[in-house]
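One structure below.
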There are 2 protein chains.
Amino acid sequence: MSKDERVDVEAESGPVRTITDLARLAGVSAGTVSRALAGNSLVNVKTRERIQHLARSHGFQLNQVASNLRRQRTGVIGVAIPLGHDRRQQISDVFFMTLLGYLADELTERGYDLMLRRVLPDRDVDWLDRFIGSGMIDGVIVIGQSDQFERIEDVADGYRPMVVWGNHSEGQRHCVVGSDNRLGGKLAAERLIAGGAKRLAFFGATEPIEFAARFAGASDVARRMGVSIKAYPTHLSADRTAEEIAAHLDHHLGEFDAIFAATDSLAVACLKGLHERGVRVPEQVRLVGFDDLPIAAETMPPLTTIRQDIAGGARGLVDLLLRRLQGEDTESLVLPPQLIVRATA
Amino acid sequence: MSKDERVDVEAESGPVRTITDLARLAGVSAGTVSRALAGNSLVNVKTRERIQHLARSHGFQLNQVASNLRRQRTGVIGVAIPLGHDRRQQISDVFFMTLLGYLADELTERGYDLMLRRVLPDRDVDWLDRFIGSGMIDGVIVIGQSDQFERIEDVADGYRPMVVWGNHSEGQRHCVVGSDNRLGGKLAAERLIAGGAKRLAFFGATEPIEFAARFAGASDVARRMGVSIKAYPTHLSADRTAEEIAAHLDHHLGEFDAIFAATDSLAVACLKGLHERGVRVPEQVRLVGFDDLPIAAETMPPLTTIRQDIAGGARGLVDLLLRRLQGEDTESLVLPPQLIVRATA
DNA sequence: CTGAAAGCGCTAACAT
DNA sequence: ATGTTAGCGCTTTCAG
């Protein structure tokens, strides 16, 4: 039905915005219209089709808000991105944004809408309760624990339909999906050491729990293999890291023969810094990243890195959440990271 | 108020979920509670504070859905990302995702929530009407016109609170915010030609209207300067472009001495392809990208590119939308792109 | 198979 | 300054 036809039809009857308008037009009750539009089989096939056709020809749209209120469910999943350590940054973080894209795909596929909320926990202590209590969402996915691990734990017992992307810790109460960061760190260190590295450097922030686990995994291996490892801390926000990495390279270049970067973004910056200082990769300094973002395959030389299964993670998050919405009590899902060997280590 | 205190208080009175519960507890009417929580000055200061304190101590949250239905506004802005030419791709497109991040920031700042909807126009012809008509959003921002220019135009007359990120065309009816892509193309071509280029290549898709404008801008300059230009088409999805670019380079390397890549992502892939074939940049082939994504500064050599003001774009989108929500009738906003000279041209 | 009626939880006249 | 009342638009018993 074209727009023009619709206008013609409306001219005869005035706008039809509510189910009651439609009912009057069809000569039935609002209840019947509601049932007809819902495809309820109780209603006579002929009237059902008549009503559905009428609805379409008038461009009628069900008011979701009213429907939501009545049914006490919204078909909307909240996605919260807490920005703890470094304000502003993470929301433009390539990894999180990619995950968000896949989440949007996955939720759409399953018939849910996505409400995105960026959150500054220091300004708004009650961010999670407020999101949950708003009545606007059926469940919530939290992307990244940031420094809010405890607050999430507090909520987890009283609110089931919540799943979190992040790191899994022994005995935690909230349902989490995420890579085995410790194993990822292990794989990275093993690769570097197998290539002959004797003094490892870890570049990246170490407070975020995921990154701490990556460092810990690498440290385990280093200790076991009798190799030294030292963390060279950076912040998370892209603009600052470049300088910080440059400073580390300027002052400590002789101290290591291999770098494990906490993320591919950091690794790319390292690669550039090394190149600018005439350091050959991997001959003089080996380098492994983390994430396997698309950019990892496009650097020169292409980046050896630890792949996180982002699409799989998104699928897992949605899967578990929907099962929790059914009342099931789900375990956490730990995804195995994978070493992707390219040319930097 | 800690969680434990809250539990204590609740133990005395049962759960307090609705405004009516709270009213009973406070010994006033629901109306007064509603006013008190809204900070309405009509209500007595003492009772107002008493009610607010009571609400906090019971962890009371207003049901937004009910509120929305009654007030006929939701405080939610819809953000639609139509995926026309290349399914799946754009939602993970770095540029769009970055824009989305800034939009989330900007909307949050202004007190709005963001409902994200990824949309496949070929499967769902009515995507825009359905989003608008759902009653769940007060206004809509469309990120990218994709191949939906006409549909957006159709809707624009009947629905005011809509702003679109994309390309501005003479005489169009929908309010759009976007870079002057034609000017961007012009700047790119000028830079290349000033460096001595005689035969330009344009790498990228040419159907999307933004990209077509970039190519057109470059073509204008080429024609005026007596320089040749030819488009080497690619698709949008990241996985296919790499091969396509490789194929172009293998078959047509001698045909050009400069590349204008439609996006930085493409430019990075070009850079890699050229490097692998032993072609020096910029000595043998000059290269200019588009967007100025963070990665542009991190390539080797760093990428000369045309910057789009993403943050400014997001601010503009939200600004115009909110003014439209006030009933104002806003003009489109065309942002000037800026040549960022680094080392590839 | 359909209609009538109650009500989701909140807000905003309108009253006092 | 507060209470009362009538809905917002829809869904779902409960009757018939």
Side-chain angles (χ1 to χ4, degrees), chain A residues 14-52 54-55 58-76 113 129-130 132-138, chain B residues 14-52 54-55 58-76 113 129-130 132-138:
Chain A
V16 31
R17 309 183 336 88
T18 75
I19 224 172
T20 316
D21 296 340
L22 208 53
R24 191 174 347 94
L25 223 64
V28 297
S29 74
T32 301
V33 172
S34 175
R35 286 186 278 250
L37 294 179
N40 188 322
S41 59
L42 281 177
V43 63
N44 183 304
V45 184
K46 290 207 63 164
T47 47
R48 189 193 336 167
E49 279 170 2
R50 193 162 54 82
I51 291 171
Q52 284 175 347
L54 216 51
H58 286 267
F60 173 78
Q61 306 270 30
L62 204 60
N63 183 321
Q64 292 297 338
V65 176
S67 174
N68 292 347
L69 175 59
R70 174 60 228 236
R71 314 198 329 166
Q72 299 287 82
R73 77 177 285 286
T74 64
V76 179
D113 270 310
D129 297 283
R130 293 202 2 206
I132 289 168
S134 68
M136 301 220 284
I137 58 178
D138 291 342
Chain B
V16 30
R17 310 182 337 88
T18 76
I19 224 172
T20 315
D21 296 340
L22 208 53
R24 190 172 350 96
L25 223 64
V28 297
S29 74
T32 301
V33 172
S34 175
R35 286 185 280 250
L37 293 179
N40 189 320
S41 60
L42 281 176
V43 63
N44 183 304
V45 184
K46 291 207 62 165
T47 47
R48 193 197 326 170
E49 280 170 0
R50 194 162 53 83
I51 290 170
Q52 285 175 347
L54 216 49
H58 287 266
F60 173 79
Q61 304 270 30
L62 204 60
N63 183 321
Q64 291 297 337
V65 176
S67 174
N68 292 345
L69 175 59
R70 175 59 229 236
R71 312 195 337 170
Q72 299 288 83
R73 77 177 284 287
T74 64
V76 179
D113 270 310
D129 297 283
R130 292 204 359 205
I132 290 168
S134 69
M136 302 222 283
I137 59 177
D138 292 342

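Chain naming here is simple, since letters A, B, ... match the order of the sequence lines and numbering starts at 1 in each.
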Separation of atom CG in Leu42(B) from atom P in dA12(C), rounded to whole Å: 12 Å
Residues, nucleotides or ligands: over 12 heavy atoms within 6.0 Å of Arg130(A) CZ: no
Degree of bending in the helix from dC1(C)-dG16(D) to dT16(C)-dA1(D) once both end axes are built from five pairs, to 10°: 40°
Derivation and outcome, side-chain contact (heavy atoms from CB on, under 4.5 Å), residues Asp21(A) and Phe60(A): CA-CA 10 Å; Asp21(A) 296 340; Phe60(A) 173 78; over 6 Å; no
Check against side-chain contact (heavy atoms from CB on, under 4.5 Å), Leu62(B) and Ile19(B): CA-CA 7 Å; Leu62(B) 204 60; Ile19(B) 224 172; 4.0 Å; yes
Worked verdict on Gln64(A) versus Asp113(A) for side-chain contact (heavy atoms from CB on, under 4.5 Å): CA-CA 12 Å; Gln64(A) 292 297 338; Asp113(A) 270 310; over 6 Å; no
Arg17(B) CZ - dC8(C) C1' separation (whole Å): 10 Å
Separation of dC10(D) C1' from Asn40(A) CG (nearest whole Å): 15 Å
Among dG9(D), dG9(C), dG3(C), the one nearest Val28(A) by side-chain distance: dG3(C)
Spacing between Asn68(A) atom CG and dC10(D) atom P, to the nearest angstrom: 11 Å
Evaluation steps, side-chain contact (heavy atoms from CB on, under 4.5 Å), between Val28(A) and Val33(A): CA-CA 7 Å; Val28(A) 297; Val33(A) 172; 3.7 Å; yes
Nearest-angstrom distance from the residue atom CG of Asn63(A) to C1' of dG9(C): 15 Å
Donor-acceptor contact below 3.5 Å, side chain Thr74(A) vs main chain Met136(A): yes
Nearest listed nucleotide, side chain of Leu69(A), among dT2(D), dC8(C), dG3(D): dC8(C)
Of the listed nucleotides dC8(C), dC10(C), dG9(D), the one nearest the side chain of Gln72(A): dC8(C)
Under-4.0 Å side-chain N/O to phosphate OP1/OP2 contact, Thr47(A) with dT2(C): yes
Just the table, please: protein N/O against nucleotides 12-16 of chain D N/O, every pair under 3.5 Å.
from, atom 1, to, atom 2, distance (Å)
dT12(D), O4', Arg70(A), NH2, 3.2
dT13(D), O4, Arg35(A), NH1, 3.3

Of the listed nucleotides dT11(C), dG9(C), dT2(C), the one nearest the side chain of Asn44(A): dT2(C)
Given dG9(C), dT2(D), dT11(D), the nucleotide with the shortest approach to the side chain of Val43(B): dT2(D)
Proximity to the side chain of Ser29(A) - top-ranked nucleotide from dG9(C), dT11(C), dA4(C): dA4(C)
Given dT2(C), dC10(C), dT2(D), the nucleotide with the shortest approach to the side chain of Thr18(B): dC10(C)
Between CZ on residue Arg73(A) and CG on residue Asn68(A), distance to nearest 0.5 Å: 8.0 Å
His58(A) versus Leu25(A), closest heavy-atom pair with distance: NE2-CD2, 3.4 Å
Nearest-angstrom distance from the residue atom CZ of Arg50(B) to C1' of dA1(D): 13 Å
Nucleotide dA12(C), atom P - distance to CG of Leu62(B) in whole Å: 11 Å
Spacing of Lys46(A) atom NZ relative to dT2(C) atom P, expressed in whole Å: 12 Å
Listed once per pair and sorted, the side chain to side chain donor-acceptor pair (under 3.5 Å) pairs that draw on residues 32-49 of chain B, sequence neighbours left out: Ser29(B)-Thr32(B)
Gap between atom CG of Leu22(B) and atom CG of Leu37(B) - 0.5 Å precision: 6.5 Å
